[in-house]
Amino acid sequence: MDYITGQFLVNLLMNGILIGLIYGLMALGLTLIFSVLGIVSFAHGEFYMIGGYVVYYLLQAFGNLEPMIAILIAGAVTFVIGVIFELLFLQPMGKGDIERPGEYAILLTFGLAFFLQHVMIGIVGPFPTKVDRFYDFAEIDWGWLRMKAATVWFFDMPISSSRLIATGVAVVLTALMIWFMSKTWTGRGLQAVSQDRQAASVVGINPSHMNTLAFGLGTMLAGMSGAALVTVFAWVPWVGMPASSKSFIIIVLGGMGSMPGALLGGLVLGIVESFGAGLYPDPSKALAYKDAFGLLVFALVLLVKPTGFFGRKL
Amino acid sequence: MLEIKDLYVGYYSDLNIIQGVDLIAREQQITAILGANGVGKSTLLKSIYGFLKPNSGEIWMGDRRVDGTPTHELINLGISYIPQHTGLFKWMSVEENIELGGWTFRKDKDRLKQKLEESYERFPVLKEKRKQAAGELSGGQQRMVEISRTLMTDPKVILVDEPTAGLAKLLSQDVYDMLTDLRDNDGLTIVLVDQEIRSALKVSDYVYVLDLGHNHFDGPVDENIDLEEVFWA
Amino acid sequence: MKRIPIQGVLLVLLLIFAFAFPRIMQGQPYWLYVALQSFFWAMMAASWALLAGYAGQFSFAHIAFMGIASYTSGILGRDLGWSPISGIILGTLMAGLVGVLVGYLCLRLRRTYLALFTIAFSEIVRLIINAEHEFTGGPMGLYMEPLLETTSYVPTYYIMLVALIVSLAIMYAIANSRLGLFLRSIREDEEAAAAMGVHVVRYKILAFVITSMIAGIAGALDHHIIGFIAPNELMIPRMSLVIAMAVIGGTESLISASLGAIFIHFAMEWLQKIPVPASWMPSLRENTATLQQFGLSLGEGYLQTNAWRMVLFGLMLMLTLRFWRNGLIQPLLEKIGRQGVAEETVAKRKFSQEENEIEGTEA
Amino acid sequence: ATPEVIEKEVIVTVEVEKEVEVEKEVVVTEIVEVEAEAPPVGRCAPMDAADVEVIKIGVPLPMSAPGAVGGGLAMQYAVNIAVDQLNADGGVLGKPVQPVFYDTASLPERGTAAMEYFITQECVVAVVGEYHSSAGVAEKEVAHKYHIPTVFAETWNDTITGAGYAEVFRIAPASSMVAAADVNYISNLEGIEFVVIVTENTDYGLPAADQTAEALATIGIETEIYSADKGVADYSAIITRIQAGPVPDIVMTLTTGEDSYNFENQAIEAGLMPTADTICIANQVAIQPAFWDAVPGGNYCSFRKVGLVPALANEVTQTFEAEYRKRFDIFPESYALEAYDAMMIMANAIENAGSLDPDAIITALEATDITLAQGRYYFPYGSDNPVPDDEPDWMWHQWPDPAVLFIQYFEEGQSATDAAVIFPEVYQTHDTFLIPFGETP
Amino acid sequence: MKLEIKNITKNFGGMQALNNVELTIDKSEIIGLIGPNGAGKTTLTNVIDGVYKPSEGEVWLNDERIDHLPPYKIARRGLGRTFQVTRAFRRMTVMENMMVPAMAINPGAKRQNVINKAQGILEFLTFEHLANEYGRGLSGGQQKLLELARLLMLDPDFVILDEPFAGVHPTLQETIYGYIDKVRQEGKAIILISHDMDSIFTLSERLVVLDFGAIIADGNPQNVKQDPVVIKAYLGEDEEEDY
Ligand SMILES: Nc1ncnc2c1ncn2[C@@H]1O[C@H](COP(=O)(O)OP(=O)(O)OP(=O)(O)O)[C@@H](O)[C@H]1O
Ligand SMILES: Nc1ncnc2c1ncn2[C@@H]1O[C@H](COP(=O)(O)OP(=O)(O)OP(=O)(O)O)[C@@H](O)[C@H]1O
Ligand SMILES: [Mg+2]
Ligand SMILES: [Mg+2]
């Protein structure tokens, strides 16, 4: 236990915050889908996976493509796939033909997850690939802040630069989404549908379109987060499965359907996992239980406050 | 204005709830649709408003045939619907709720602003509460928001389903006053489904009584109206 | 009403077929083995259908109960030398006990929240079994003493078949008793049910206990037959498979759900290779290299799908849900057996209308 | 296939009836004997190659979750390469060879199903393959039950061969062998006192880590094991934790695939390894070019490789590698090489046996002496030469020398072929057990 | 037959829905409970019924404290209520809907007896032709009737009717009047919540008025009707009676 020092705890916290923002990025799209369609997509991670691969192959083909553009293209690709899927399979749900849409959607997206994942295995093969960090940092040394191409030291605490970039993307995307949802007409239309479908159609909003749009935007965000994170993690066709389960946890922690909630939920999860794994007495099991710590907090939150931190009260 | 010809609608393929109903909602009048429970009044409204697809028959709006038109497009034709239970966006502010009523002309900022002002003039309470979440309002105020939202689009016809069920007397009086006001001052055509037969008769100009899927009785509301037929069940 | 016997006749035929199966499949132990595994899935799917379809508890914890019972029995056998039978009994009780706990914790959770909570529960169970390998065998798995000292699948086939029939009978009785009625009323509206005097807490927990015990006994039996269990079997995709089976069969009927499971299990086996018309073979053979590139391979008159099997499965699940929303088997059974409620209502309504009309003309 | 089965059964019952006629008291024991000796009903492979059109060989592999799909698909492709080569050379016993694949998904239950399917439905003559021990342990039982010769390609669990079944052979190392090799290497380094092992929580990783730790303890080296579930993408918490403790002399990665890349990359970015004080031993997937994309700072990491040095690859290896690259464009992993070799060994044994009789094939397998992609294969202990008391049980039908090499990169982006072989001494390319951090040999 | 509501307060977050409500009912009578929308009438029902736990105060039924009992126990002690917003079991038939309360309170009940009883009630409420219709296939008014039908199956000694007339056709309202009369004659107590003043004044023997969660009047209907506070809060000035 003598390894537990102040510096150690600060490092754990810092790790937790960074990975937490990244987790938040993963969950952003899922929370949008949940808020409008009222469903959890089990294929969320697969769109995340596809986003990553799109960037990988784009950068393979056009080596000097601006990475941020690659991220946008990845978003466009997953948007299209999401829209097609929604039109083919989720539309009857919007029409109110489905008795229990939540469960219907869980199963349907589970089938989609299977489908996408194994098709990708067939196409790209099962071996891990990865994209190197998008940008090299300039070299500086100010004592408290040192930077090198791949790593930044903040008060002697090493932080990977690709993670920093990904968290930057996370914050920007979340801000954009919040702005979009509250300030644009389309965003308000989405909100309206999420709160009362019938009323929305009574004012002239086409709820089916909004459903399609929301699902597409959700998968787009999933794709973009994958695109940003393919520099952080090694990529395989099944990389989406843990991303999905993390996202489930996060949207519940943050309050289903809340955008800032997604980031906050991600932070909580990241910090809990970090401290759990850092402080669990038996080192050989510390990491084995890392997911369990998150799940435990998740279960507790569900039991104590099912609406999450940012959940709607009414 | 709104005309229904020999309409057949149902929930199962081989059973029509509405079996050959004919109905005309005359311009600038309140047309009441009455009848026992389960005769198909709500079903009729739902089919006019595109939630249910007619099996046969026609629905005309002016000289345009509208059966089969999706709900969100009807609004462009000037038909609006106030369902029985309030359908507000509970977590949005009052102002956002009313503004969303202007969805179909959302690009036209000036018109939006003007219509919003009109709503506030009609219901000054709402102006005070405009930043409050709609779900926190009392039942009557929620009705006001809903009506304001419906009026944003300048509809020609409004369909209203049991607007006062469960409303306190004072409030339901307000609602009926509002309906007559809309007819008299804004020139709207109103189709009213109600079980509050007495109150409905007081405000309406023409009444239809339905019997299990059929027309049973209809006639203008005046001193000569056959009350027996209206209360028939 | 008079058509109900058809369903009964079908059931009897089905039973006769099931009991005769080992004779029909004599010398084909593979199909016997597949069948006995399918009974395991059928028990899982049917008990899940009781929990989700009747009681409305869309839970992912079922696979964990299966695992808890199996591991309990396996560990008792390994450390204390308990016989499989006593192990299975205690394991089942253990699953029931944990069922009480989970049922209790889930009291306040509905729908998607319940699904997510139970996923978390299942994962925690699996992670613990995986991590505490000194005790559970961890990822290396745990040997389970064989149920019978025989390599033939005939006796084990009958054991699983009887287990399935008995558990179905029990669940059928439950579903059609007061308990079933209460469970459905709870599914529809808990508060209203409570206001009518239904002891919601008790019945909800009871639903968890009963179904998790059936999952438990299915798992413990099956793993004593396999002789081995590994934590991988508790993974969420396997639970999703159970749910898919029940849904494809139809969640509101136990028989449908179990037939769905048997059907899917056989279909998944069958999908290992799909037959190809002889006329295709030459052109396929020319492209063997390409096929191999994508993980497909050729046999005589068939194509081995291997990894693509899962793609087909995903597609099948999506299409079934989309186009046969009540499952594949349940509507079939309803068609054969009984007029739908809708039709009955239609008839009655028409009748009452006619009566009205007659009265009308008389008056 | 079915008609043969029925015939067989008839024979068995007739025999029993005959006994009954002879004498009642003997009957009981006789029946038992007959039943015990009769091959279990269902096995349908013929004994004579003349009776078949193709010789079928079963190949159980994980091709869906929770199995390691990557391993399964690579091995499937490798087996196909082997079969194509065999058939191009005229097949076995003049008949073409046909592999029959089955997805076992790392589950024991699927393993049993696979074997039953191969043996009773497809009438395979032999079985080769499997990646996961968890499925393998179940498969070996069925192989034993039907007396079907089986060569396991990549299942490390000691008990696979430890059970001593006549039918079961293995060309992958037993996990104890790998642990021994690790310890052997580490004991050759100087000043090693504290080793950190990061392992995955699987049937491969945990036993490997435990055995290594145990063996290191015998030479006085302290170890600390961190185990993680597959798919844990973020290792920062325990990297921080390792850094907070005493500086390890070695950090050894026993996670596989993308997980190892993630750990190594994060550990390197955090400055945990490799440093002047800490040696980095990466997982064997470091052999792939993708390693440099995934772990850009991975220079001076060494990794363990089972099988021949790329530089020393023989002709078979090279031909195979060329074929393999057509699909995956990467250097074949050891399990791909093993799958290829396993199929070749089996074909060779059938050819030598001159018949499809399992006993003949097993005898031929025991007499294997052939050089393939991974080196020269032979099985020192078998029915003629039982495992001696001073050797562990799992040496039964076990290929004793899968080469376990340590290779180290010393230039960024270096190809595995150019990297330095540092252990064992015989293969050393730079006369050293370790190229110190930052130095060029 | 005694229901005592002692000093009940109920808060939702910062909102006080009930404020020190005191009410005693100790003989079989029909009590009209009225008040503006949002006054707390339904909330009071829910507190009595055990759906909500009161923030403060106690509820006693026949000298037993019931405010901490779960709803099903309260139902079994003979207190039944209907829901203002109807809550039919949507995927169960009308018959099954009605079997639930009967079987829940009487474990030994014979299925056939229950069905017979239900049949009788359905006839009484004139929708026996819908016995096999699913709950979701009922019209708004029919769902109201189903609420009542289930209550009849429960056969409680103490009945709370929350807006039984809203959306129900006048002819059927008469039927419900008939039911209320019958129950009254059996010596049971009824709390009737309604905004339909005609019905309230016709039926009730005692009137309780809630406003902002507090009782502002309690007594003889004729007196309450004249109470200026009540008129201001709820009834309004123009008391006209036609038809
Ligand atoms: N979703 C549905 N599925 C099947 N049948 C339905 C459905 N909704 C209504 N019905 C049937 O249609 C008939 C008419 O229903 P509708 O709701 O139109 O009645 P209504 O005239 O509005 O009655 P009320 O005054 O009680 O609201 C009812 O008898 C009911 O059984
Ligand atoms: N679950 C709840 N959470 C928060 N506030 C609530 C809740 N239930 C009721 N309220 C609030 O309590 C107040 C009283 O509501 P209640 O339903 O008891 O009114 P009521 O007298 O029955 O009105 P109505 O005549 O419209 O049915 C209202 O302001 C309502 O918004
Ligand atoms: Mg209606
Ligand atoms: Mg109320």
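Each chain gets a letter, A, B and so on, in the order its sequence line appears, and its residues count up from 1.
Only the side chain of A:F127 comes within less than 4.5 Å of a heavy atom of chain D; its backbone N, CA, C and O stay farther away. Interface remark: A:V232 contributes backbone atoms only to the contact with chain D (heavy atom separation under 4.5 Å). For A:P242, the part lying under 4.5 angstrom from a heavy atom of chain D is the side chain only. Proximity to chain A (any heavy atom under 4.5 Å) is shown, for D:I268, by neither the backbone nor the side chain.
The shortest heavy-atom contact between A:P128 and D:A290 is O-CB, 3.7 Å. Counting all heavy atoms, side chain and backbone alike, A:A277 lies closest to D:I238 at O-CG2, 4.3 Å.
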Check: every donor-acceptor pair under 3.5 Å linking chain A and chain D:
from	atom 1	to	atom 2	distance (Å)
A:Y3	OH	D:R241	NE	3.2
A:Y3	OH	D:R241	NH2	3.0
A:N15	ND2	D:T240	OG1	2.6
A:T151	OG1	D:E269	O	3.4
A:S160	OG	D:E269	OE1	3.1
A:R163	NH1	D:D234	OD1	3.0
A:R163	NH2	D:D234	OD1	2.8
A:A234	N	D:N262	OD1	2.7
A:W238	NE1	D:E258	OE2	2.9
A:A277	O	D:R241	NH1	2.9
A:G278	O	D:R241	NH1	3.1
A:Y280	O	D:R241	NH1	2.7
A:Y280	O	D:R241	NH2	2.7
A:P281	O	D:R241	NH2	3.3
A:S284	N	D:I225	O	3.2
A:S284	O	D:S227	N	3.0
A:S284	O	D:S227	OG	2.7
A:A288	N	D:S227	O	2.8
A:K290	NZ	D:D234	O	2.8

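For the set A:F275, A:F114, A:F8, the count of heavy-atom pairs under 4.5 angstrom toward chain D peaks at A:F8. Contact count against chain D (heavy-atom pairs under 4.5 Å) is highest for A:P283 among A:A234, A:G278, A:A288, A:P283. Most heavy-atom pairs under 4.5 Å with chain D, from the set A:P126, A:G125, A:G16: that is A:P126.
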